[in-house]
Protein chains: 2
Amino acid sequence: MGKCEQCIIKQFNSLKSLTKDELVRISSCKTSKTIKKGEVIFEEGETLNGVYCIKDGICKLSKLSENGKDQIVKMVVKGQLLGHRSLISDESSNLQASALNDMEVCFIPKSEIIADLQKNPKFSFDVLKDMAHDLRESDDIIVNMAQKSVKQRLAETLIYIHDSFGVNSDGTLSVLLSREDYASIVGTATESAIRVLSQFKKEGLISTVGKFVKIENLNGLKRME
Amino acid sequence: MGKCEQCIIKQFNSLKSLTKDELVRISSCKTSKTIKKGEVIFEEGETLNGVYCIKDGICKLSKLSENGKDQIVKMVVKGQLLGHRSLISDESSNLQASALNDMEVCFIPKSEIIADLQKNPKFSFDVLKDMAHDLRESDDIIVNMAQKSVKQRLAETLIYIHDSFGVNSDGTLSVLLSREDYASIVGTATESAIRVLSQFKKEGLISTVGKFVKIENLNGLKRME
DNA sequence: ATTAAAACATGACAAATATCATATTTAAAA
DNA sequence: TTTTAAATATGATATTTGTCATGTTTTAAT
């Protein structure tokens, strides 16, 4: 099994602030897992006993609304940590995590992470910075949800995925989502998401290659904002 | 001027995790301020050089959407800290803070807070917990904005204010908001907020005493969710 | 007290979005 | 392959919400 000290993935998250000794200790008690597309990593309400460091793949964090619809709140990708929030607040998870494609993750037990958070101020300050950034992102999402139209939100979602998660060699968005997923991100009915995407296609703003979406006119989408 | 060591307000926020020495040091460089209702504490985009500890009063955190409408993202009340997020992420504020009633605050310079965050793990872990909780709250707001009707959101807002900020001796909500404020929280047009509140009144769910709102049927409002 | 300006209220209508029905296409399973 | 199920697509219609207009009430200023 790989060693945390040598793992390059940690460069992208707060684990980079741990000392070599701390990494060796964590490495000795972590476990690697493979998660298949569609599989649930943890359920809403589940008590987590560790965090996941994502070595490869992407997952969605969603919450079931009272009307029975799923709302995707965030997407977490290769290089990022998963589950640390619930660990810190010492509560059961308020979100469900499920894989959007095949994933490889390392699981680090709760006790190790918490110990380091309480002993290594550099590490905890790093996590703090990360969460401050997440809160900023949440503010933006709230404003968009509250003030913008479905069309605008969907356009921004496409741009966000493009900018944050990148594209394949043919220019299509590397993250493959169903229309239902798009609807769950934007907060609309699946039919509405389908209609808007069809419209974007007609207007030449996007095209599709198989199930993949390709942005053809980024500025056109941006101008919609 | 009051001394932080003896101030009871800090019991309600992360400052309680500071040592006596740290509190004495902070006390010596803090400044007290009075802020009048409606006054802006800091603007969107402003670089903060410290945090505010709210001794009395309540303020709103809002963000201007591209369509020119203000969205209230959060309300911060007596006992809580203000501005620490931007300080931590070392970016200019993404939100505007303005007083909803007369306030008394203590201003603590950035350098002091950052130093303590980096030296006192108990303090930083406490702030971390606080932010994890805020993120949870943000998730809920996102889901509500995305999935619920204006009527449901307004009902929940009233319940939230009731539960979080309490009531006056006559049972009216202690926080006094204009219809425009309610609209900015819910993310709707002012006219819509007015209409829904009128409807709630007709249905006996709420009543008004002057400009204050009183919840008459909490379960009725809750059942709307 | 009078005037001006906000805040609140309500009607009429338009626009956005949800819902229901029903095809069609695509993917999965037998 | 054939069958079945799931995902995508689109029309028709109902509901929700926004916008504009206008009136009333409340608050602030002269």
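So that the names make sense, note that chain A is the first sequence line, chain B the second, and so on, each numbered from 1.
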Determine, stepwise, if the pair A/Gln71 / A/Ser65 fulfils side-chain hydrogen bond (donor to acceptor under 3.5 Å, both in side chains). CA-CA 7 Å; A/Gln71 178 65 32; A/Ser65 154; over 6 Å; no

Between D/dA9 atom C1' and A/Gln199 atom CD, what is the distance in whole Å? 14 Å

Can you check the A/Arg179 CZ to D/dA7 P distance for me, whole Å? 12 Å

Calculate the interatomic distance between A/Phe200 atom CZ and D/dT10 atom C1'; express it in whole Å. 17 Å

With the sugar-phosphate defined as primed atoms, P, OP1 and OP2, and the base as all remaining atoms, what B/S/- string results for nucleotides 11-30 of chain C, 5' to 3', for protein heavy atoms under 4.0 Å? BB----SSBB------S---

Other residues, nucleotides, ligands: >12 heavy atoms within 6.0 Å of B/Lys16 NZ: yes

Nearest whole Å is fine: how far is C/dA7 C1' from B/Leu176 CG? 12 Å

Tell me the interatomic distance from B/Phe212, atom CZ, to D/dT27, atom P, rounded to whole angstroms. 11 Å

Within less than 4.0 Å of OP1 or OP2 of D/dT8, is there a side-chain N or O belonging to A/Thr190? no

How long is the line joining CG of A/Leu177 and C1' of D/dA7, in whole Å? 14 Å

Are there over 12 heavy-atom neighbours, none belonging to A/Glu46, within less than 6.0 Å of that residue's CD? yes

Measure from OH on B/Tyr182 to P on C/dA7 and round the result to the nearest Å. 15 Å

What's the spacing between A/Lys110 NZ and A/Ile108 CD1 if we round to 0.5 Å? 15.0 Å

How many Å lie between CD on B/Glu180 and P on C/dA7, as a whole number? 7 Å

Kindly give the heavy-atom pair with the smallest separation between B/Cys106 and B/Lys55, and that separation in Å. SG-CE, 3.7 Å

Decide if atom CD of B/Glu44 counts as having more than 12 heavy atoms of other residues, nucleotides or ligands within a radius under 6.0 Å. yes

